[in-house]
Each structure stands twice: as structure tokens, then as C-alpha cells.
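To start, the structure itself, in C-alpha cells.
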Amino acid sequence: MGQIENVLSENRAFPPSEEFRAEARVSSEQAYQRMHAESVARPEVFWDRVAQDLPWIEPYDKVLDWSDAPVAKWFSGGKLNASAVCLDQHLETIRSGKRAIIWEGEPGDTRTLTYTQLHLEVCRFANVLKARGVKKGDRVAIYMPMIPELAMAVLACARIGAIHSVVFGGFSAQALADRIEDGGCSAVITADGGWRRGKVLPLKKEVDAALENLAAKADAPEVHTVLVVRRTENEVAWSEGRDVWYHDLCAEASTECEPEPMDSEDVLFLLYTSGSTGKPKGIVHTTGGYMVGAYFSTQMVFDLQDEDVYWCTADVGWITGHSYIVYGPLANGATCVMYEGAPSEPHEGRFWEICERHKVSVFYTAPTAIRTFMRWGDEHVERYDLSSLRLLGTVGEPINPEAWMWYRRVVGQERCPIVDTWWQTETGVIMIAPLPGVTATKPGSATRPFFGVDAAILDEDGKELGPNEGGLLAIRKPWPSMLRGIWGDEARFRETYWSKWAGEPIYFPGDGARKDEDGCFWILGRVDDVINVSGHRLSTMEVESALVSHPVVCEAAVVGRPDDVTGQAICAFVTPTKEAEVGAALIAELNAHVSKEIGKLARPAQIRFTDALPKTRSGKIMRRLLRDIAAGVETVGDTSTIEDLTVLAKLRGFED
Ligand code: WTA
């Protein structure tokens with residue numbers, strides 16, 4: 001099979017400033033090289049040293065056991081508790097009075113919890129769960145808005161050894177029911193509602209519908225408790241016996257709760273993620289390795305300092321929220337901002353207002369958000385004092401160089417390094433990213449592998465490719481926070497992630513990438529998004545970046561559609577700026593632009609303008625749906641994760 005052609009050339013590089021480097025945790029190339037080499041050559045020695053930072057209840061006997069590959073055991077024999085790592089260890093220190101969470105609700109209400117207060121609330125929450133009969137090993141679904149009780153619920157489960165399965169609050173009742181069923185959850189934690197774009201998301205109602213749906217099934221799990229946190233005070237239906245108000249039970253619960261000593265390999269959580277086919281996969285993460293990875297990567301990639309105010313804008317319903325709102329930052333004793341609502345509520349400068357108000361210094365968001373801010377205009381950012389910012393991050397999809405440059409210039413004021421972090425639900429933590437005090441960043445590249453990560457570009461036969469040859473991204477060694485399986489489906493786990501290449505187990509993340517002559521990785525997107533035009537395999541991402549680099553293009557999604565002559569032809573869905581004059585002249589101009597940026601072979605056969613692209617609720621463009629639209633076929637398969645179904649309907653209405 002041929003290689004993926006790499007056609008977008010991007011040569012800008014931005015080394016860290018001297019000021020940044022002077023204060024950074026790791027600040028020399030030699031240190032990175034030495035640490036990285038050791039972490040890959042002798043992972044047991046490296047991770048043993050890192051793991052010493054965590055408060056183990058009982059020490060482990062063995063750092064890594066890979067004898068049962070691809071199921072790894074890290075820190076076997078050790079016991080710890082994730083909530084104690086996040087909370088209890090700080091109580092005896094100067095951090096006890098430090099702010100752990102600074103929270104803003106969408107309507108403007110605020111709450112601040114110190115480490116001492118958060119610890120107390122988590123203990124109380126844990127006792128409420130115990131009082132309802134939730135035990136170690138039980139699965140608990142959490143379906144909540146972004147309120148402090150969401151973090152408390154997660155940590156309370158961890159405290160008593162219950163396995164949490166957080167389901168993003170934007171998912172439908174059906175999606176929730178599927179996840180409750182697959183995980184065999186016996187309790188659900190939810191809220192009456194949450195605020196989103198000035199409206200109440202009726203979460204309890206969705207839970208009721210999900211459970212009704214399950215009740216009709218023969219072998220569905222029995223949910224004995226629905227614990228409801230009061231947030232929006234909307235009317236809710238009540239099922240006596242099953243439903244309980246959190247505040248009622250809370251009043252009677254003790255604020256003392258010893259953390260359950262968990263085995264390093266006890267399951268900490270399940271988190272569902274969709275593949276390109278089939279039902280969602282319950283990704284399994286365990287306690288010891290995950291906590292070591294979350295703790296260390298947060299500290300290193302965000303160069304976390306004690307005085308930082310750190311804000312990750314993700315929802316806790318996604319892996320980014322698990323690792324970089326809850327577990328990683330709290331394990332480091334950081335001050336974290338948490339925001340409930342939409343970035344446009346009540347105005348398009350809300351995020352920057354929050355940054356100014358709380359003096360945010362580290363800000364971590366997604367490319368889709370960055371492109372939205374770009375579209376809204378610089379003035380919404382420039383109205384606020386962002387001088388507290390010192391580091392920016394991005395995650396979730398490849399970032400177009402144009403959006404990266406905008407982020408750097410307008411938000412980072414050319415001062416803040418940008419860490420573009422590549423990783424997945426399955427990897428648990430960041431795998432490829434700059435070390436901000438060392439790595440020269442490049443717009444569009446996640447740069448270099450994190451410690452312990454042995455990343456390579458392979459072809460279909462497992463041969464390692466040379467510089468700038470596009471191929472399949474592969475991880476050749478186990479790492480502490482790696483997934484331990486897919487809940488209830490070991491065969492699918494082996495098949496999806498470990499069977500791409502013969503021989504020693506190599507992890508296949510499903511992404512295409514290339515590595516440049518400096519050893520920097522450029523993620524080209526999911527391999528199933530690769531388009532083959534006349535035998536040239538093109539990454540959708542590169543064509544999209546070329547389109548987005550045109551001044552009138554805000555966002556672009558590119559898919560392949562069947563073509564008799566060329567095999568596949570490129571079809572581009574383009575969201576123009578408000579000022580743009582849409583028409584044949586613009587299409588010609590964009591074609592010429594792509595030809596110039598990449599070459600004639602990448603010119604879209606068709607460009608369609610649209611006000612919005614179909615996205616998942618986590619902001620990923622749903623190319624699968626666009627492919628069907630481009631091909632003019634009915635969509636088959638699951639559309640339950642789409643954010644706004646009207647977008648799809650509008651796109652369907654288009655004529656060629
Ligand atoms: C994509 C999110 C390019 C990639 C943490 C991966 C990225 C999938 C990046 C995982 C990045 C994530 N650059 N692509 N910095 N980060 N991706 O499980 O295709 O929601 O496989 O985890 O997102 O998405 P997931």
C-alpha cells in the first residue's frame with residue numbers, strides 16, 4: 001500500500017522565549033534528550049522514579065509486567081487511592097488552603113473550593129454513595145452539567161472504589177441508556193438540569209427516559225439509585241425509592257471517609273468512545289498507571305507552577321476533562337478554573353472575561369473552539385486583559401496552521417508557547433506534545449513524543465518510514481496510562497488496537513502521521529479520513545488547512561467521494577466569513593488557492609458553502625456524514641452523537 005502524500009509545507013518554528021525557558025521545569029534540549037532516551041530504554045527505572053511522587057498506601061513490587069501483552073500491569077502489588085492522590089496528600093501541606101476549583105456557572109454565579117473544602121465535600125459525597133449501597137467495583141454512571149459536584153462525584157466514586165462512567169451531559173437518553181447497559185451500572189448521579197446557552201438542559205428527564213428504555217429490556221442492569229443534585233430548580237419527575245436528592249442525604253452524611261486502598265490495577269473508570277464502526281467502546285483505565293501518567297504529564301506539558309491558575313475548557317464528560325480537569329491538575333495541587341456553559345453566553349468574549357477575572361495563566365482548549373473565536377473576531381479577545389496568560393494548549397484534532405497562528409498572535413500575544421497535544425481516550429494522557437521550555441513549536445505539529453512514548457511512522461507492513469513520509473502512527477512500547485481493555489470485549493480490544501502489525505504487540509491508534517527531519521510528528525488525521533485521488537493519498541487535514549488559510553474561510557471539512565476517473569474526488573464543505581461573497585468567483589478563487597498551497601491534485605472537485613458543519617458534541621467534524629452527503633447516499637449508521645441535526649438537514653438540501 002502506498003504512503004500518505006504529504007503536501008502541506010509549513011516551515012515556521014517558534015522556540016520558547018528566554019523568559020519562559022528561564023522559569024521552566026525542563027529547559028534544556030540535553031535534559032529532554034537524556035530523559036526521553038532513558039524513559040524509552042529503561043521505562044522501569046524512569047517510571048519508578050516518577051511514581052515515587054505519589055502517596056502510595058502500599059508500595060508496588062514491580063513497575064511493569066508486560067508478560068500478558070497487550071494487557072499491561074503497572075506498579076503491581078501497589079495500593080493507592082486516586083482521590084487521596086488528588087486531595088488528602090495536600091491537606092498536610094501549605095496547599096490545604098489553596099484554591100482547588102474556581103467555578104463559574106453560565107448565569108454568572110461563582111463558587112470557590114479550597115483543597116480542604118473539596119476534600120470535605122468529596123468525603124461527604126462518598127458517604128452518600130455508601131449510604132445508598134454503592135460498593136467497591138460497582139459501576140456508577142455520572143450524567144451531570146459542569147458544576148463542582150461533577151468533580152466531586154468522580155472523586156467520591158474513586159474514594160470508595162466504585163468505577164465511574166461519565167457520560168457527557170449533551171448525549172441523548174438513548175446514548176446514556178446504551179452506556180448504562182453496556183457498563184452494567186447500578187446507580188446514576190445526575191442533576192435536575194444544567195445551563196447551556198441560556199436554557200436548561202433537562203438532565204434528569206433524560207435519565208428517566210434512559211431508565212424507562214432499559215426497564216423494557218429483559219437483561220438490562222437494575223439501577224437502584226438515581227442521585228440528583230439540585231442545580232437549575234426545574235420541575236422533575238420522581239420515582240419514589242429510586243430517586244434521591246443529593247442535598248437531602250448530604251445533610252446527614254459524615255464528612256469523614258477513609259479512602260479505599262485500591263490495587264494499582266483495579267479499574268478506576270470506564271469512558272466510552274466511538275470508533276468508525278460499531279457500538280461505542282467502554283475504554284478501561286486502571287488506578288496506578290493512570291494516576292502516574294496524569295500527574296506527570298500535567299506537570300511537564302503544562303509546565304505547571306504552584307502559582308498557576310489553570311483552565312482546561314473541556315467537559316469532564318470527555319477524557320480531556322478526566323485527565324486535565326480532575327485527576328492531573330488536582331494530583332499536582334493546582335488551582336483549576338471550571339466553567340459550566342457556552343463560550344458565547346452572554347457574549348462572545350466570555351472565555352476571555354473569565355481569563356481576565358481569575359488571572360488564568362495556563363489555558364487549554366480545542367481547535368474547533370479556536371476557529372470559532374477566529375470567526376467571531378479579534379475584538380472580543382482584545383477587549384480583555386490577558387497578560388496573566390503564559391501558556392496555551394490545544395487538543396482534539398489537528399490544528400490548522402492558520403488557526404494556530406491566530407491563537408498565538410491574538411490570544412497569546414506572541415508571548416505564550418502553544419502546546420499542541422496529541423493523545424486519545426485510549427492513551428489516557430498526552431503522548432505527543434512539546435515540552436514548552438525546550439521544544440521549538442511548529443504551527444500544526446504536536447512535535448515530539450512525551451516521556452516513555454516510543455512513537456514511529458510505519459507502513460502497512462510494519463516497516464519504519466523515513467523523514468516526511470506519511471504513514472501510520474504506531475506506539476511500540478507500553479506506557480503507564482494505556483487502556484487495559486474494552487469493557488466486556490477483549491477480542492475487539494485486540495483486534496482494534498493490537499493487530500495491525502505482526503510480531504511484538506504494537507499499538508495502532510488509527511491515525512496517520514509523518515515525522516519531519518527534526519523528529520516532529522505531524523498528525524494527518526484518522527486513517528479512514530484519508531482520500532485517494534488518482535493514486536495520491538491525501539490527508540483531509542492538509543486540504544482543509546489550505547482552505548482555512550484563505551482569508552474568507554472560517555472552517556472547512558474535506559471528504560472523498562467516489563469518482564469514476566480518479567478513484568476518489570475531493571469534496572469540500574466550507575464555512576465562509578460573514579463578509580464573504582459566496583458564488584462561482586469565490587469557488588474559482590479557492591480552487592486556485594488550494595492549487596497554490598498544495599498543488600493541482602488537491603483541488604476540490606466540488607466546493608459547497610455551508611453556515612455550519614455537522615459536529616459531534618465534542619466538536620469533531622463528522623466526516624462520515626459528509627462523505628455520505630458528498631456521495632449522495634443515505635446515511636446509514638449512528639447519528640446519535642451529532643450536535644445539531646438541522647445542520648445535516650440543511651446540507652442535504654444542497655444541489656450540486
Ligand atoms: C485526534 C482526545 C491531531 C486524533 C484527547 C486522535 C488529534 C483522536 C490531536 C482522539 C492533536 C487528538 N492533533 N489530532 N493534537 N488530539 N486528536 O479519544 O485523531 O476524543 O486519534 O481524545 O483525536 O480523540 P479522543
Side-chain angles (χ1 to χ4, degrees), residues 4 8 10 166 168 170-171 270-276 280-285 293-294 297-298 301 312-325 327-328 364-371 392-401 403-404 407 418-434 439 441-450 453 455 470 472-475 481-483 486 496-497 507-515 520-530 539-542 544-545 615-624 641:
I4 302 171
L8 188 78
E10 170 56 67
V166 184
F168 174 56
F171 276 127
L270 308 182
L271 186 59
Y272 284 81
T273 185
S274 36
S276 44
K281 300 174 285 208
I283 302 300
V284 177
H285 281 289
S297 60
T298 306
V301 177
C312 166
T313 71
D315 192 289
V316 174
W318 310 114
I319 190 68
T320 304
H322 281 61
S323 304
Y324 298 109
I325 295 179
Y327 288 115
Y364 189 31
T365 196
T368 179
I370 296 166
R371 291 191 299 260
L392 304 176
T394 152
V395 60
E397 52 176 326
I399 181 164
N400 322 90
W404 195 100
Y407 196 28
I418 296 177
V419 289
D420 176 358
T421 62
W422 177 86
W423 58 294
Q424 308 178 294
T425 304
E426 293 87 340
T427 68
V429 307
I430 293 168
M431 300 292 278
I432 302 180
T439 317
T441 55
K442 303 182 185 188
S445 172
T447 75
R448 300 188 292 188
F450 186 64
V453 176
L472 306 171
L473 182 59
I475 311 292
S481 65
M482 65 198 293
L483 77 166
I486 295 175
T496 310
Y497 303 110
Y507 176 75
F508 175 50
D511 282 354
R514 69 178 163 97
K515 184 163 104 169
C520 287
F521 286 77
W522 297 74
I523 308 297
L524 301 170
R526 305 289 306 170
V527 287
D528 46 12
D529 289 336
V530 165
S539 146
T540 53
M541 188 261 147
E542 293 188 308
E544 286 163 11
S545 286
K615 290 186 183 168
T616 62
R617 293 187 174 87
S618 66
K620 287 193 173 56
I621 295 168
M622 297 183 85
R623 290 194 180 72
R624 176 170 58 83
T641 58

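All values below come from the heavy atoms of this structure, side chains included, with hydrogens, waters and symmetry mates left out. Counting starts at 1 for both ligands and their atoms, following the listed order.
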Any heavy atom of Pro398 under 4.0 Å from ligand 1? The part involved is both
Taking heavy atoms and a distance under 4.0 Å, where does Gln424 meet ligand 1: side chain, backbone, both or neither? both
Under 4.0 Å to a heavy atom of [X] - the qualifying atoms of ligand 1, by number:
| X | value |
| --- | --- |
| Val395 | 5 (C), 16 (N) |
| Thr320 | 5 (C) |
| Thr421 | 9 (C), 11 (C), 15 (N), 16 (N) |
| Ile319 | 5 (C), 22 (O) |
| Asp420 | 11 (C), 13 (N), 15 (N) |
| Ile523 | 3 (C), 14 (N) |

If only atom types and distance count, is the side chain of His322 paired as donor or acceptor with the main-chain N or O of Gly317 below 3.5 Å? no
Does Thr368 use its side chain to pair, donor to acceptor, with the backbone of Lys620 at less than 3.5 Å? no
[atom]: the protein heavy-atom neighbour that sits closest, reported with distance to 0.1 Å:
| atom | result |
| --- | --- |
| atom 13 (N) of ligand 1 | Glu397 O, 3.4 Å |
| atom 6 (C) of ligand 1 | Asp511 OD2, 3.3 Å |
| atom 20 (O) of ligand 1 | Lys620 NZ, 3.2 Å |
| atom 10 (C) of ligand 1 | Trp423 O, 3.5 Å |

Could you tell me how the ring of Tyr507 sits relative to the ring of Tyr497: parallel (under 30°), tilted (30 to 60°) or perpendicular (over 60°)? parallel
Strictly under 6.0 Å, is that where the ring centroids of Phe521 and Trp423 end up? no
Taking side-chain contact (heavy atoms from CB on, under 4.5 Å) as the criterion, tell me which of Ile370, Leu392, Ile399 meets it with Trp404. Ile399
Might you point out which heavy atoms bring Ser323 and Thr298 nearest each other, and give the distance in Å? O-OG1, 4.0 Å
Looking only at heavy atoms of [X], does any of them come nearer than 4.0 Å to an atom of ligand 1?
| X | value |
| --- | --- |
| Trp318 | no |
| Gly510 | no |
| Met541 | no |

Measure the spacing between [atom1] of [X] and [atom2] of [Y] and express it to the nearest 0.5 Å.
| X | Y | atom1 | atom2 | value |
| --- | --- | --- | --- | --- |
| Asn400 | Glu10 | CG | CD | 11.0 Å |
| Ile430 | Tyr324 | CD1 | OH | 3.5 Å |
| Thr273 | Ile319 | OG1 | CD1 | 9.0 Å |

Polar contacts were defined as any N/O atom of the residue lying under 3.5 Å from an N/O atom of the ligand; does this apply to Gly396 and ligand 1? yes
Can you see whether Thr365 engages Tyr407 through a side-chain donor-acceptor pair at a distance of less than 3.5 angstrom? no
Can you check which of Thr425, Val419, Val429 brings a heavy atom nearest to atom 22 (O) of ligand 1? Thr425
Closer than 4.0 angstrom, basic N to acidic O: yes or no for Glu544 and Arg371? no
